Number of protein chains: 2
Amino acid sequence: MSLTHIQSFVAVAEEGHVGRAARRLHLTQPPLSRHILALEDELGTRLFERTPRGMRLLPAGEAFLRHARRILAEVDAAVHTVRGVTAGRQGA
Amino acid sequence: MSLTHIQSFVAVAEEGHVGRAARRLHLTQPPLSRHILALEDELGTRLFERTPRGMRLLPAGEAFLRHARRILAEVDAAVHTVRGVTAGRQGA
DNA sequence: GCGTCCAATGCTGTCTCGGCATCGAGCCCA
DNA sequence: TGGGCTCGATGCCGAGACAGCATTGGACGC
């Protein structure tokens, strides 16, 4: 599990297409597809339903999405907090 | 920035020694040291003060530590939630 | 001053990972 | 019903990342 995988997951969840998410992340479709497969493998569950039109979130995927967004937001907050402290303010 | 780096940071912060943290993470000292340096480089600030006895957290490091723990906890929660959903319950 | 303990760094082999090309499945339309 | 289109999945390969070994450099204690 890596932050990259989590970012990929969120992008695919929001776009509903691997290819489109890939473009958004400045990546190509194959690695994106593998990120999702790796995540599903690690979690032991399918997160998406593969349809002929793209990817649709399964319940497990929806649950994971909520956490994924929180993780990415927390990472973002961490960076900003440290930058804030460095700039001279205590922003914890 | 990766979850591995964050885990390394937390371990070093808690142990106060790179070498000891390395043992705890089943790693050797050099990569651990590089994780911290990479993190500091990415954040643009020193997170630790290097003393002859080991590593002591600087204010920026303490601030980052709080976020780091939350990130790791959230990742853990995500895994457990998905496993819970998969097991048949909605545990979001 | 010498030995010890710490983190940092040079180097190398391996393994990961992204991209290209291609495949396989499912749908639409003629 | 068959050809083309649109998906995601997979085989393969080359570049880059990364861990470990060996060593360095600095600070303290005796």
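Only a predicted model underlies this, so the values are computations on that prediction, with no experimental measurement involved. Chain identifiers are assigned alphabetically (A, B, ...) following the order of the sequence lines, protein sequences preceding nucleic acid strands; residue numbering begins at 1 within each chain. As a basis for the values below, the full set of heavy atoms in this structure was taken, side chains included, without hydrogen atoms, waters or symmetry mates.
Note: A:Glu42 CD to A:His5 NE2 = 8.5 Å, rounded to the nearest 0.5 Å. Of the inter-residue distances, the one linking A:Arg56 atom CZ with A:Glu62 atom CD reads 11.0 Å to the nearest 0.5 angstrom. Of the inter-residue distances, the one linking B:Thr45 atom OG1 with B:Phe64 atom CZ reads 10.5 Å to the nearest 0.5 angstrom.
Separating the NE2 atom of A:His17 from the P atom of D:dA9 is a distance of 13 Å, rounded to the nearest angstrom. Note: CE (B:Met55) to P (C:dC5) measures 19 Å, nearest angstrom. In this structure, A:Leu57 places its CG atom 13 Å from P of D:dG8, rounding to the nearest Å. Between the P atom of D:dA27 and the CZ atom of B:Arg56 lies a distance of 15 Å, rounded to the nearest Å. Across the protein-nucleic acid pair, B:Arg46 atom CZ and C:dA7 atom C1' stand 11 Å apart, rounded to whole Å. Taking atom CG of B:Leu25 as the reference point, atom P of D:dC18 lies 16 Å away to the nearest angstrom. Note: CG (B:Leu47) to P (C:dA8) measures 12 Å, nearest angstrom. The distance from atom CG of B:Leu3 to atom P of D:dA17 is 19 Å, rounded to the nearest whole Å.
Phosphate proximity of D:dC7 to A:Arg50: absent, as no side-chain N or O sits under 4.0 Å from OP1 or OP2. Taking side-chain N and O atoms only, A:Ser33 has no distance below 4.0 Å to OP1 or OP2 of D:dG8.
Within 4.0 Å of A:Leu37, counting heavy atoms only, lie sugar-phosphate atoms of the nucleic acid but no base atom.
Residues B:Arg20 and B:Val12 have side chains not in contact (no heavy-atom distance under 4.5 Å, counting atoms from C-beta outward).
Under a cut-off of 6.0 angstrom, the local environment of CZ in B:Arg50 is crowded, with over 12 non-hydrogen atoms contributed by other residues, nucleotides or ligands.
The pair A:Glu15-A:Arg23 does not count as a salt bridge, with every side-chain nitrogen at least 4.0 angstrom from each carboxylate oxygen.
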Go through the steps for A:Leu65 and A:Arg69 under the test side-chain contact (heavy atoms from CB on, under 4.5 Å), then give the verdict. CA-CA 6 Å; A:Leu65 179 58; A:Arg69 287 199 170 115; 3.6 Å; yes

Treat primed atoms plus P, OP1 and OP2 as sugar-phosphate and everything else as base, then score nucleotides 14-30 of chain C 5' to 3': B for base contact with protein heavy atoms under 4.0 Å, S for sugar-phosphate contact only, - for none. ----SBBB----SS---

